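Worksheet: one structure, shown below.
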Amino acid sequence: MTATLIDGVAVSRATREGLAARVAALKAAGVTPGLAVIIVGDNPASRVYVRNKVKACGELGMHSALIEYPESVPAAELLARVQALNADPGIHGILVQLPLPAHLDGAAVLEAIDPAKDVDGFHAVNMGALATGLPGFWPCTPAGVMVMLDHYRVPLQGAEAVVVGRSNIVGKPQALMLLARDATVTICTSKTRDLAAHTRRADVLVVATGRPRMVDGSMIKPGAVVMDVGINRLPDGKLCGDVDFDSARQVAGMITPVPGGVGPMTITMLLANTVLSAERAHKAGRKP
Ligand code: GUN
């Protein structure tokens with residue numbers, strides 16, 4: 001058996017078409033959704049991500065502001081800028097690209113963002129909203145995984161879902177999203193005693209460890225749906241996921257490739273959160 005490929009580019013395109021209609025409706029009402037992206041330092045990978053986020057806003061007719069600081073920026077200056085963006089009615093989403101340089105308190109910067117503009121969904125208020133089922137913003141990568149699972153009509157209610165990785169950006173919120181859909185959720189970490197015993201029980205397996213090809217076909221239940229969140233650069237320059245694609249696709253029922261799987265959905269969900277934020281602000285009567 002060879003698994004069906006879950007095409008993140010196609011799901012992303014379909015999602016962005018829906019967003020384009022919502023942007024047009026907002027613009028007709030005099031509101032242009034706006035995203036501010038802050039980057040500190042010159043981490044090359046972060047620079048590529050940020051450039052792609054700004055470009056995606058333009059493609060959808062949204063406003064974006066790219067704010068660049070040198071590595072040495074004082075914390076007070078960064079926090080003052082976040083406060084100014086919190087108060088700017090033309091900005092509906094604020095994103096601080098991670099990682100921040102070690103001299104800055106990343107948690108303090110993220111908590112300074114108004115939760116109503118926290119389109120990354122990293123603020124404790126939004127994590128709490130996700131945990132309790134209140135409206136908020138969901139972190140983009142795990143939210144994208146949920147959209148892909150729904151697009152391919154993967155049944156979640158009562159399913160055994162296993163999430164490998166417990167980061168605040170992916171693993172933890174992913175587990176909460178699957179739980180909200182009545183899956184039976186297991187979270188595995190790098191300290192899990194017998195990882196394969198858990199992954200082999202999964203109907204839906206999400207792998208977000210940052211370790212190249214750590215889950216192979218022998219660890220996957222036949223017919224399982226495998227969502228690979230990893231993007232790793234190998235010494236030969238090629239990209240690979242956290243799942244060993246060649247062996248996994250012989251066993252899985254559906255699988256995301258890397259690249260072209262989960263990756264393209266992350267920016268799409270950032271756009272979705274920014275449009276949602278603009279809609280909420282418009283409904284609440286906040287004028288740009
Ligand atoms: N760094 C790696 N992934 C992300 C993300 O989703 N958001 C932000 N702000 N920084 C990141």
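As the structure is a computational prediction, the values presented were derived from the model and not from experiment. Each ligand, and each atom within it, is numbered from 1 in the order the structure gives.
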Inset, instruction - Before signing off on this row, confirm whether Val96 and ligand 1 have an N or O atom pair separated by under 3.5 Å. - result: yes
Inset, instruction - Note the single closest protein heavy atom to atom 8 (C) of ligand 1, along with its residue, its atom name and the distance in Å. - result: Asp120 OD2, 3.4 Å
Legend entry - Distance-only N or O hit between ligand 1 and Thr266, under 3.5 Å: no
Legend entry - side-chain hydrogen bond (donor to acceptor under 3.5 Å, both in side chains) partners for Asp216, two or more places apart: Ser218
Inset, instruction - Check the pair Arg47, Glu68 against salt bridge (charged side-chain N to carboxylate O under 4.0 Å, His left out), reporting the backbone distance first and the verdict last. - result: CA-CA 10 Å; Arg47 289 201 155 269; Glu68 300 173 275; 3.0 Å; yes
Legend entry - Numbered atoms of ligand 1 (with element) below 4.0 Å of Leu95, judged on heavy atoms: 9 (N)
Inset, instruction - In plain terms, say whether Asp242 and Arg213 are close enough for a salt bridge, that is, a side-chain N and a carboxylate O under 4.0 Å apart. - result: no
Legend entry - Identity and distance of the protein heavy atom lying nearest atom 4 (C) of ligand 1: Gln97 NE2, 4.3 Å
Legend entry - Between Ser12 and Thr268, a side-chain donor and acceptor under 3.5 Å: yes
Inset, instruction - Using side chain to side chain contact (heavy atoms under 4.5 Å, CB included) as the criterion, point out the one residue from Val262, Thr256, Val243 that pairs with Val207. - result: Val243
Legend entry - Heavy-atom protein neighbour under 4.0 angstrom from atom 10 (N) of ligand 1: yes
Inset, instruction - Taking side-chain hydrogen bond (donor to acceptor under 3.5 Å, both in side chains) as the test, write out the residues that go with Ser247, two or more places apart. - result: Asp244
Inset, instruction - Write out the residue and atom name of the closest protein heavy atom to atom 1 (N) of ligand 1, then the distance separating them to 0.1 Å. - result: Leu98 O, 3.0 Å
Inset, instruction - Would you mind telling me if ligand 1 is within reach of the side chain of Tyr49, the backbone, both or neither, using heavy atoms under 4.0 Å? - result: neither
